[in-house]
Amino acid sequence: MSLAQVHHISAAAGDESAEGRFTAVGRGVTAALLAELEPLFAYVLPDGAPHRPTDAELRSLPQAFTYAVLSDGSRVVGRTAPARGESSAPVRFHTHAVHIPSGVPLPGDRLPVEAWRSPHWATVTPAGGASLSDPLGALPPGPAPVREGLDDFAVSRGPWLAAVLADLRRASEEAAPTGGPVVLVERRSADVARWLGLAAVALPRESAERLTFTTYTRRPGSSALRVVGVAPEDATAAREAGLRVHVCADRPPVEATGDVWARTAARVWRSRAPELFQEARGLPGDPFAAGPLAVVALCAGVGLGSEERAAAAGWAAERPYALDAKRVGQLVEALTSPGIDDRTGSEFDAVGRLFGALDGRCPASVTAPLAAMLVTEAVRGGNGSLELPRRDAFVGPEGEAIAGVLGPEILTELESGAGGSRPVARTVQLLRVARLLGMNTRDLLPDVATRLAPALLRETKAETEGPEGPEGYAGPGRPEAAPGPSGASKPPAAPAFAPALLELLDEQFDVRTALLGALDRIAPEDPGAVARFLERVALPFTGTQALPHLRMCAEAPGAMTTLGRDRTALWHRILRAAGLSPFAEPLVLRTAAGLVWEDRAPTVEEARLLLEAATSDAHRAAGTWSRLADAALGAPADAEEAESLAHDLLRAFPQEIGGRERAALQLLALCRDLRTGAPEPGWADRVRTLRDRGAPLEPPVQERAFTALAERLLAPDRPGAELYAFVRSNDTDLIAAYDRAARTEPTRTRLRTQPAYAADCFTVWTAHPHAGPAWTATAAALLEEVLRPAVRSMSAELVAEVEETVGRTGSSGRANAFRDWNRSRTLGRLGRRIVGRVRRG
């Protein structure tokens, strides 16, 4: 098919006397298309171009080789080159273009860029408009001339290759890219064409055909093409227009592109192996996935970076059937080359997946290098996330060789005392590799498990606890797990080491036995942490091991969900889960108490439950007696059972309870005697002594003790010696408690209704005029504010009885004092004398 050709000539910029015009137009090119073509052929001379150039200068001016898609779907390929003009216009710009109708391929199924070196581009319009040889149809057969020299050009542009290819790939997408064209800055327009030649070879054909371009323009911002070339002097303006600019004639770029396909393609070009692009397109997968190209590159001996090798291994792992035995061997050899020293964790993970895909499909001699590389990285590289090969991957001399190299290193690290600070994933990996290599670690397991058990709890806490506390199990009264989107509690997150740990325990029975035993031993020390760990990592409890503490910790989260805040029921259920009696294993008391109450004290009723659940010897062995003491001392002031509990604790644990706690509990027990029994003489002073020994005293304990003392001193049958000791103590806190007790409604009622009690209080409150200021002021206030209102409310007969009782129990002088006090409506003589003494004091 003969394609229509178009010739156009224009004058140099600034020559207003000359106009551009089409000098020859082939058949089928309409006026509308000509109007659309003319702006594509516009040419602006570079800055500094001579007005009347010599022949050499004329040849050195840039040429604009253009490929564009027109509005009707047809295409045009053309070249605009400076040519010698007339005297009035020394330089003309001649365009020779070929119009390609929509749906019609180029001759020979060529790509547009392949025509840029065609020798048949005309620099003058043929005489009489006759057509010259078709520059597209006359291309020589075989590999296109455009590929000649591209290898050398790619090597010379090595620093820019990956970034430019990445942008050209994006520019070739089906949807036209936003943000304007990709701008390639080169000193020679031919080099822009070479860039397009590199892209044409690397990109799939349909992508390359979408890549419209021109090799030279001075107005990149207004171009509708996808790729444009500009001279270095126009690079700044292109950047200011917000375009993606690659200055390939300047310093190499510093930042590397993140496009792995583009980086792989750049390495292929620099290795002078462009035939690999076509070979890669024969493999399945996305055309711009890095995997296929990286696979063929590695098989051909092209050196790639870590991410590219990871892409190759990952692609081959997903499609092991896509490669023949030869390529598989080449790929394994390239991936396991001893000369590579930049492998990353993602590359090892991909290699692990590749090994899993090839294991069983290929002979062991093929996969053994992969297995050796993986276990070597697991031991020396510390990569705890690697998917290790199966145990039979090293049967034979390969296994003996790698075990001989890595075995001593593994044993040395497992024996190291630094295991307490070693990450869990590292210990788990070492144990798995040791079994994989057939090493005997039986003698090491007890120490390894002892160090590994607390590390499990420590790392679980570090991974799963946030600033507001632990997720999941938190003990009664603690915040529940955070609610999920539907309102239900989110399942607790498993720590990162959990999958590998469970695989280890499933693989190695002796490790499971040792580790579960070690966890069971440390569970009583922090059962809450163990419960949170077990909620996230479902350890296997199958077998003959008793593991009472682990079973209790595993039961706690579910029991909390079922029983909520009923701590008594929770206590019984968790204790039953142990499968052992507290009499046989006292430490289950500590574990159960830690799970139910964690770091809080039980209530008095709950403490009584604990005390009665086992003997004092069991609580002594478990150390739970301290929780019972905390319950008694932390009880509110109105919890009457606290006094009896304190009494029982002092009898049950006389050697364990000491110091401040013992004094505080003794004070509570004394309260019990003051309320219900006959305390030993000297109890008024004993309250003060125990208070001082128990400092800092819990406020409820002090309040209870002071109230009990004051109520006992306000009783009619209190011993006089105790009252005297109390009054003479001048203890402001105790006297204040006495004042509060005297003002309570029960005391006021007794004063109003019992003349003998009123007489007794009058006697006491007036009998110690020379006591300290605290007592004197309190007594005077009680006389006026408590006793006087009570006496005034009495009938005359009751008042007379009070006066008679005062005289009978005291003296006639005291009876007269009461009479004078009672008759006075304001402060009487006795009151004035008392107040005067206070002021003088």
Side-chain angles (χ1 to χ4, degrees), residues 46 62-65 67 111 113 116 146-173 177 179-203 207-208 211-217 220-221 223 225-274 276-277 288 290 293-294 297 302-308 311:
Q63 296 181 2
F65 181 68
Y67 166 61
L111 289 171
V113 72
W116 76 277
V146 72
R147 299 191 184 183
E148 296 176 5
L150 285 186
D151 293 349
D152 293 336
F153 178 76
V155 172
S156 70
R157 296 298 190 271
W160 296 272
L161 262 177
V164 174
L165 288 176
D167 272 353
L168 294 182
R169 178 189 68 77
R170 284 190 288 270
S172 70
E173 293 173 353
V182 176
V183 179
L184 302 178
V185 181
E186 288 281 3
R187 291 187 176 88
R188 298 188 305 167
S189 60
D191 288 337
V192 176
R194 290 186 177 93
W195 273 116
L196 294 163
L198 294 177
V201 174
L203 298 175
S207 298
L211 208 59
T212 57
F213 58 82
T214 184
T215 60
Y216 173 74
T217 183
S223 176
L225 303 175
R226 299 192 178 199
V227 184
V228 299
V230 301
E233 57 264 27
D234 295 319
T236 301
R239 282 201 188 95
E240 292 174 351
L243 303 179
R244 180 73 171 168
V245 179
H246 295 277
V247 183
C248 308
D250 200 352
R251 292 188 299 271
V254 177
E255 296 182 0
T257 178
D259 190 324
V260 182
W261 174 87
R263 294 206 304 265
T264 308
R267 286 179 180 266
V268 168
W269 269 121
R270 291 204 300 270
S271 300
R272 302 174 184 271
L276 298 180
F277 291 108
F288 291 116
L293 184 58
V302 176
L304 300 180
S306 180
E307 282 191 75
E308 294 84 71

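- Phe153 contributes atom CZ, which lies 8.0 Å from atom CG of Leu161 (distance to the nearest 0.5 angstrom).
- Between Thr257 and Ala166 the shortest heavy-atom distance is OG1-CB, 3.8 Å.
- At least one donor-acceptor pair closer than 3.5 Å links the side chain of Arg226 to the backbone N or O of Ala171.
- To the nearest 0.5 Å, atoms OG1 (Thr264) and CZ (Phe277) are separated by 9.0 Å.
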- Task: Could you go through the side chain to side chain contact (heavy atoms under 4.5 Å, CB included) check for Leu211 and Tyr67 one step at a time?
- Result: CA-CA 8 Å; Leu211 208 59; Tyr67 166 61; over 6 Å; no
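- Pairing each heavy atom of Ala297 with each of Leu276, the nearest pair is CA-CD1, 3.9 Å.
- Residues Tyr216 and Val192 are not in side-chain contact: their nearest non-hydrogen atoms beyond the backbone lie 4.5 Å or more apart.
- The closest side-chain heavy-atom distance from Pro62 to Thr215 is not below 4.5 Å.
- Between Ala266 and Leu165 the shortest heavy-atom distance is N-CD1, 4.0 Å.
- For the pair Leu225 and Pro181, the minimum side-chain heavy-atom distance is 4.5 Å or more.
- Here the shortest heavy-atom pairing between Pro159 and Ser156 reads CD-O, 4.5 Å.
- Pairs passing the side-chain hydrogen bond (donor to acceptor under 3.5 Å, both in side chains) check and including a residue from residues 183-192, sequence neighbours excluded, read Arg157-Glu186, Arg157-Asp191, Glu186-Trp195, Arg188-Asp191, Asp191-Arg194.
- Between Asp152 and Arg272 a salt bridge is recorded (basic side-chain N to carboxylate O distance below 4.0 Å).
- For Glu308, the salt bridge (Lys or Arg N to Asp or Glu O under 4.0 Å) partners are Arg263, Arg267, not counting sequence neighbours.
- Here the shortest heavy-atom pairing between Ala154 and Leu198 reads CB-CD2, 4.0 Å.
- With hydrogens and angles disregarded, no donor-acceptor distance shorter than 3.5 Å links the side chain of Arg169 to the backbone of Asp259.
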- Task: Kindly indicate, with the supporting measurements, whether the criterion side chain to side chain contact (heavy atoms under 4.5 Å, CB included) is fulfilled by Trp261 and Leu293.
- Result: CA-CA 8 Å; Trp261 174 87; Leu293 184 58; 3.9 Å; yes
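- Between the OG atom of Ser271 and the CG atom of Leu304 there is a distance of 8.0 Å, given to the nearest 0.5 Å.
- Expressed to the nearest 0.5 Å, how far CG of Leu203 lies from OG of Ser172 amounts to 4.5 Å.
- Side-chain N or O atoms of Trp269 include none that pairs as donor or acceptor with a backbone N or O of Pro274 at under 3.5 Å.
- The side-chain contact (heavy atoms from CB on, under 4.5 Å) test with Val245 singles out one residue from Asp234, Leu184, Val185, and that residue is Val185.
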- Task: Please step through side chain to side chain contact (heavy atoms under 4.5 Å, CB included) for the pair Asp167 and His246, ending with a clear verdict.
- Result: CA-CA 9 Å; Asp167 272 353; His246 295 277; 2.6 Å; yes
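- The two atoms that bring Ala193 and Val113 nearest to each other are O-CG2, 3.9 Å, heavy atoms only.
- Side-chain contact between Val227 and Thr212 is absent, with no heavy-atom pair separated by less than 4.5 Å.
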